Amino acid sequence: MALNQFEILKKFWGFDSFRSMQEEIINSALNGNDTLALLPTGGGKSICFQVPALMLEGVCIVISPLIALMKDQEAHLKSIGISVASIHSGLTYYEVKCILQDAIEGDYQFIYLSPERLETKVFKELLPFLKISLLVVDEAHCISQWGYDFRPSYLKIVQIRESLPGIPMMALTASATVEVQKDILQKLEMQNALCFKQSFEKPNLSYSVFKVDSKLNKLIEILEAVPGSSIVYCNNRRQTKELATLLQLNKINADYYHAGLSAEERDTKQDLWIQNKVRVITCTNAFGLGIDKPDVRTVIHFDAPECLESYYQEAGRAGRDGKKAFAVLIYHSSDIDSLEAMTDKRYPPIPIIKKVYQDLANYLQLPVGVGEMQYFDFDMYEFVKNFQLDSYLVSNTLKILEQEGHCLLSENIFLPSRIQFQIDKESLYEFELNYPDLEPIIKTLLRTYQGIYDNSTSIFEKQISRILRTPVEEIQQQLKKLQQLGIVEYLPQKEKPQILFLLNRAQAEYLYLDQDLYFKRKKQYQFRIDAMLGYIKTTDKCRSSFISNYFGELTSQKCGKCDNCLHTKKTTLSSAQFHEIEIKIKAQIVDGISVNELLHLLQPNVSEDIWLVLNFLESEQKILISEDGTIKNTAN
Ligand code: ADP
Ligand code: MG
């Protein structure tokens, strides 16, 4: 008998109940509606589509922007016994074909798909034969030109939608302003969708912003005041390392993380932090995706992010367990100047964009009129050095070229080389007779990798090189030759980031850039920067409602916990009264005293006033109130 949604939740995930909104979202999909779900990061969006997909017939297609995210979810679903495959740019034509053919046979319950794969011929050919339960667009804000993370390939989604009439669609995102929400509905042609939105307020999270002369001192002060797991975000890679070292010198257990480290190093560092063997991780915004650590007590921004979307997402990694947590932003007056200068850096003048495009084509030695759908190794460092460019300028120009649909910079993710044989066994035998110098490598491939003849298989050139006692470069040459001769399809390992040209190379002066759009995006970007600045500078508005309002929530309720709320509250007591209670508290506090004892000792002051001062001291990280109600004095 078919299971209902509660039984599915229990059977696969072991959870007893749905979180707020999940059930409504699931029912909407089960009733065949298009659905837009806006839930904060960590709110449990995946279950919203995974549960109904398991109840509906057919395979659920999930469009997702990052291979790293797809791999996480794939691994998780597999671990709970659900059949799933991923189709991304790291796969060969044959692999994609096999996955889709298996899916047509009904082998998969989920297929995760990179949006740029939507246009692949084999996908278009086989799509009509697939029985699809639900079409899911995860991280749906990527479809909006006005959002903070626009990915042009998301615009292709609507095309498959047109060839799949009647199939319900679900779009999910954690951060969308009202404008972006409208854009999602319009671009995905789901105007009749039911929309579900969870509040952006996080009742256990206390936001605060500190303007200081020494950011480092403040950072140390906070980390000493609030114990427990912590993430410290900064804007550049070098600084992550420097900060970790400085914290260690101050006897704070810290390590650093950024995307420039090898996958192995990153995994190790991440694991140590997750297991609480490392307390503080200083990192760039590359850290945190797909991580679900419940007991993070502080997320500290050592540098301000570019927009509130990012800030909210990153800050929201604190306190997932629902216990008290702090989101702190530390800044120096010079940081404001840098933020104000961002827009012109992020959107360089058009002639400069064209010049970088020209340099790029020269660097890749790509003649005019070719290059469409070709991958190239791209070493940013080398490029910047050879052409004496500024790396920030280059990466921003690449982003613009990406938004304009000219090229795509791939993720730096480890994918081993792969081989797929293209001819039958008899022809292979004949081939070996004609090309005796390639016979050893063919034999080695067949012997070393079981099933290689029938499936696309990961291979390791180093291993073959050891077996044949031949240099790796020579092995790679031979594999390339086999590919040229049509014997195998060889997909070399991509160690270096790849740049994919989506269009043929254009003559730089004729490079098509939609100027209206460029200026509109630039303006939109400025708007986001302004909002970030507004958040930093505001001293009288509740920070939690500032964020909620930014995301279109019309709340006027104050959180009562952010620095601004506490300052306002403080003024409900006269400063003399406040000071008097503060002195009394300080005189009475010994480590381990409970709030109740203190309230008792401080009579006749009323407990409300005492609480007010306590909360204030806690927000200043002068004291810490633990869950069992005991107070620790952290001021020195
Ligand atoms: P999002 O995509 O919204 O950021 P995820 O779907 O990754 O969030 O879920 C975050 C975490 O919440 C996961 O560890 C998930 O298992 C957990 N979770 C989701 N729904 C529930 C639930 N109903 N009960 C308990 N845990 C849940
Ligand atoms: Mg998610």
Side-chain angles (χ1 to χ4, degrees), residues 3-27 29 35-55 60-82 84 86 110 112-115 134 136-143 147 149 151 154 170-176 184 195-202 204-205 231 270 274 285 287-296 299 309-323 325 551:
L3 300 178
N4 68 27
Q5 53 266 57
F6 302 100
E7 291 160 339
I8 297 260
L9 183 73
K10 184 77 192 163
K11 175 175 169 202
F12 289 99
W13 283 271
F15 300 146
D16 293 317
S17 60
F18 286 108
R19 287 190 185 151
S20 115
M21 291 289 181
Q22 283 180 326
E23 203 180 333
E24 291 91 328
I25 295 168
I26 290 167
N27 289 339
T35 312
L36 173 65
L38 296 127
L39 258 60
T41 310
K45 287 184 285 298
S46 314
I47 278 179
C48 295
F49 62 83
Q50 286 164 348
V51 168
L54 291 173
M55 297 168 67
C60 172
I61 307 268
V62 187
I63 294 162
S64 173
L66 293 174
I67 301 180
L69 282 179
M70 287 166 57
K71 289 196 151 184
D72 271 358
Q73 299 218 359
E74 184 180 341
H76 177 248
L77 287 175
K78 278 185 179 156
S79 76
I80 57 176
I82 294 171
V84 50
S86 296
F110 292 89
Y112 279 78
L113 184 69
S114 290
L134 188 64
V136 175
V137 184
D138 206 2
E139 312 292 344
H141 58 272
C142 292
I143 204 171
D149 193 13
R151 289 164 195 264
Y154 261 61
M170 187 186 290
L172 309 103
T173 173
S175 49
I184 293 173
C195 300
F196 298 90
K197 186 168 177 179
Q198 209 193 68
S199 168
F200 279 80
E201 285 162 21
K202 306 208 167 174
N204 61 321
L205 193 59
I231 309 178
Q270 184 178 311
I274 287 177
N285 61 6
F287 184 78
L289 262 187
I291 290 178
D292 189 29
K293 189 175 195 301
D295 59 349
V296 179
V299 170
E309 282 92 338
S310 304
Y311 184 69
Y312 179 74
Q313 191 151 22
E314 288 158 14
R317 297 194 171 117
R320 294 237 175 131
D321 53 10
K323 296 177 188 163
F551 289 116

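Heavy-atom basis, side chains included; hydrogens, waters and symmetry copies ignored. Both counts, for ligands and for their atoms, begin at 1 and track the order of listing. Please read these numbers as outputs of a predicted model, since none were measured by experiment.
When side chains are defined from C-beta on, Pro40 counts as touching Gln198, because their heavy atoms get closer than 4.5 Å.
Using 4.0 Å as the threshold, Gly42 has a heavy atom nearer than that to some atom of ligand 1.
Using modelled atom types, one side-chain atom of Asn204 and one backbone atom of Lys323 make a donor-acceptor pair closer than 3.5 Å. Looking only at distances, no side-chain donor or acceptor of Glu309 sits under 3.5 Å from a matching main-chain atom of Gly147.
Those atoms of ligand 1 with a heavy atom of Ser46 less than 4.0 angstrom away are 2 (O), 5 (P), 6 (O), 7 (O). Against a heavy-atom cut-off of under 4.0 Å, Pro40 is close to the following atoms of ligand 1: 3 (O). Per-residue contacts place Thr41 under 4.0 angstrom from the following atoms of ligand 1 (heavy atoms of the residue considered): 4 (O). In summary, the atoms of ligand 1 found under 4.0 Å from a heavy atom of Ser17, numbered by their order in the structure, are 22 (C), 23 (N), 24 (N).
Remark: the Gln313 side chain and the Asn285 side chain contain no N/O donor-acceptor pair separated by less than 3.5 Å. Residues Tyr112 and Gln73 have side chains that bring a donor and an acceptor to within less than 3.5 angstrom of each other.
Residue contacts with ligand 1: Ile47 is placed with no nitrogen or oxygen under 3.5 Å of a nitrogen or oxygen of the ligand (distance criterion only). Backbone and side-chain nitrogen or oxygen atoms of Asp292 are examined, and one is located within less than 3.5 angstrom of a nitrogen or oxygen of ligand 1.
If you check each of Phe15, Phe18, Trp13, Phe49 against atom 25 (C) of ligand 1, the one with the closest non-hydrogen atom is Phe15. Here atom 3 (O) of ligand 1 lies nearest to Lys45 when heavy atoms of Arg19, Gln22, Lys45 are compared.
Protein heavy atom in closest approach to atom 9 (O) of ligand 1: Gly44 CA, 3.5 Å.
Ring geometry for Phe200 versus Tyr312: interplanar angle of 30 to 60°, hence tilted.
Here the rule is side chain to side chain contact (heavy atoms under 4.5 Å, CB included) with Ile184, and of Val137, Leu38, Leu172, Thr173 only Thr173 fits it.
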